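Working notes, structure below.
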Amino acid sequence: MDNPLLQKAYSPEHFRQQGHRLVDQLADHLEAQLHNENTPTLAWHIPEDERSFWNDFMEHGDENDLFAQILKRTTSVHNPKCIGHQVTPTAPITALTAMMSALLNNGMAIYEMGMAPSAMERIVTDLLCKKIGYTAEARGFLTSGGTLANLTALLSARKAKVTTDIWNQGHDQALGIMVSEQAHYCVDRAAKIMGLGEKGIRKIPVTSDFMMDTALLEREYQRATKNGIQVFAIVGSAPSTATGVYDDLDAIGTFAKKHNLWFHVDGAHGGAAIFSEKYRQTVAGIEQSDSVVIDGHKMMMLPTITTALLFKNGNYSYATFSQKADYLLVQSEDEDWYNKAKRTFECTKTMMSIHWYTMLKIYGDGIFEEYVTRLFDMGKVFGRLIEKESNFELAIPPVSNIVCFRYVDAALNPKALNALNARLRQQLLEDGEFYIVQTTLRNIQYLRCTIMNPFTEERHFKTLVEKIKRIAKTLKLTNI
Ligand SMILES: *Cc1c(COP(=O)(O)O)cnc(C)c1O
């Protein structure tokens with residue numbers, strides 16, 4: 001072959017050199033982010049400036065400088081002051097397994113295009129099922145994100161609970177699911193994709209502490225039924241994204257059983273609490289569920305995207321996409337758990353199981369226990385610190401690693417306070433030392449932090465609080 005570009009692109013020597021250099025760069029990045037207090041979390045640029053930088057770089061940039069620039073112009077999830085969204089600072093070993101997945105590129109749809117990772121996927125999901133409290137008939141698989149996993153679970157639920165053959169015939173009956181008004185927006189989106197429409201998404205109001213109000217379930221169920229809607233599933237959040245508050249899974253499980261509903265747990269963020277002895281009670285009742293989603297890229301230190309969808313009865317996972325309405329395997333040697341695409345939304349997917357398996361092999365499941373427990377502990381530490389500050393208030397005392405709070409000033413009316421907190425967050429973003437986000441709860445604008453980095457300490461929270469106070473003083477505070 002005499003194609004010079006292809007020769008260059010596939011040169012093992014070139015790869016070796018670039019790889020060694022990049023690993024050194026990433027290790028230096030980690031060192032600076034984790035251990036150098038003065039490293040900013042991000043360097044803010046408005047989108048148009050960022051675009052022109054990269055346009056210019058394409059024309060004039062030095063290719064040897066490319067990776068360094070990417071490092072400089074992205075948000076550092078490994079910085080202990082990065083306490084915004086729920087993306088994990090990946091365990092560095094999983095950056096190496098991600099590289100293996102990218103280079104080996106086994107497509108995973110059928111067994112022989114991913115033999116080792118298919119077997120590992122079975123082992124990892126079996127372990128997760130066991131930790132949930134499921135029995136031997138449970139099965140799971142890995143898939144591309146909590147959003148897709150929630151949709152897949154609801155499709156399985158519909159197949160299992162609605163007797164008409166919707167997969168082949170379509171549907172004209174009114175179907176519905178019940179879910180907390182605080183659930184992640186992807187549940188709403190999944191229901192819309194399934195054609196349930198607005199009236200099919202039965203939003204259950206939350207209590208004053210943002211849990212699904214399970215006292216209202218019976219009334220809401222009867223109301224839906226009276227309106228001709230057949231409810232087939234109920235979704236519990238573990239926890240809900242905005243507040244980090246867990247729904248009462250035990251109560252939801254009991255209700256689901258009474259009405260023969262599919263009980264799905266959206267544990268994308270905090271399902272990993274199954275590993276924490278101290279916080280296991282946050283997911284009490286999870287073992288009653290029919291399916292659970294857990295994101296590895298949130299509370300389990302794995303790279304995006306690595307998600308597990310677990311089924312109490314594995315048979316239902318085989319039925320989701322099958323043409324035959326009555327496709328239910330008898331548990332037998334014929335079960336082809338190793339041909340993944342029968343059960344997943346994706347055809348091709350990454351070799352995501354190798355991240356999970358590698359963590360278990362090298363560190364054991366104790367690392368997940370340490371991680372979840374540490375982060376939830378730090379959520380409480382931050383909550384107590386905010387409680388002591390006269391110019392701050394919590395939306396709710398944190399029950400996990402998500403903390404919603406705001407700056408308050410007795411002289412300001414609600415509208416002005418909302419505007420002030422929005423400006424505080426924007427200034428923090430442009431400053432770049434910390435990365436935090438925001439959310440609106442009951443029309444109140446809150447600052448929102450998720451502690452994802454086990455290296456975040458109480459002193460970082462103190463620095464943040466002092467910084468917010470300083471910025472608030474510089475802003476002109478007037479009522480609107
Ligand atoms: C993050 C999250 C999702 C979405 O998961 P992705 O992996 O981002 O697609 C769904 N539900 C909850 C509760 C979440 O926190």
Side-chain angles (χ1 to χ4, degrees), residues 75 77 83-90 94 98 128 132 140-155 157 177-194 201 203-204 206 210-212 233-249 252 263-274 279 282-283 286 289 291-310 344-346 349-350 352-353 355-356 372 375-376 379 398-404 437-439 441 448-452:
T75 303
V77 294
I83 41 179
H85 284 297
Q86 303 148 266
V87 190
T88 195
T90 30
T94 65
L128 292 169
I132 288 170
F141 53 76
L142 302 185
T143 190
S144 303
T147 299
L148 199 61
N150 278 321
L151 172 59
T152 310
L154 288 174
L155 287 167
I177 61 166
M178 297 171 81
V179 62
S180 156
E181 62 177 349
Q182 280 292 327
H184 193 272
Y185 74 88
C186 74
V187 175
D188 195 87
R189 189 174 283 180
K192 294 254 170 73
I193 290 169
M194 290 168 71
I201 304 163
K203 293 246 167 90
I204 311 300
V206 291
F210 297 99
M211 288 168 90
M212 177 196 274
I234 183 163
V235 180
S237 303
S240 75
T241 307
T243 60
V245 171
Y246 284 78
D247 286 338
D248 180 347
L249 303 182
I252 300 172
F263 173 23
H264 174 62
V265 173
D266 180 2
H269 178 76
I274 54 174
Y279 292 106
T282 56
V283 288
I286 194 171
S289 65
S291 53
V292 176
V293 165
I294 301 176
D295 270 349
H297 53 272
K298 286 186 176 159
M299 293 294 288
M300 301 193 73
M301 293 165 277
L302 309 182
T304 54
I305 313 176
T306 306
T307 298
L309 175 55
L310 299 321
T344 58
F345 217 102
E346 305 101 315
K349 72 178 188 197
T350 65
M352 50 186 96
S353 64
H355 318 314
W356 229 315
V372 173
L375 298 184
F376 282 25
V399 295
S400 61
N401 55 335
I402 297 175
V403 185
C404 298
V437 293
Q438 57 191 341
T439 191
L441 300 167
R448 177 173 169 278
C449 289
T450 313
I451 298 109
M452 297 300 289

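Counting starts at 1 for both ligands and their atoms, following the listed order. Remember, predicted model here, so these are calculated numbers, not experimental data.
Checking Q86 against T450 by side-chain atom types alone, no donor-acceptor pair falls below 3.5 Å. A side-chain N or O of E346 and one of T143 form a donor-acceptor pair less than 3.5 Å apart. Side-chain contact, H184 with N150: no donor N or O sits under 3.5 Å from an acceptor N or O. Side-chain atoms of H297 and T306 form no donor-acceptor pair, as typed in the model, at a separation below 3.5 Å.
The backbone N or O of G146 sits less than 3.5 Å from a side-chain atom of D295, completing a donor-acceptor pair.
Within 4.0 Å of ligand 1, counting heavy atoms only, the contacting residues are Q86, G145, G146, T147, N150, H184, C186, P239, T241, D266, A268, H269, D295, H297, K298.
For the side chain to side chain donor-acceptor pair (under 3.5 Å) test, no residue two or more places apart in sequence or in another chain qualifies with T241.
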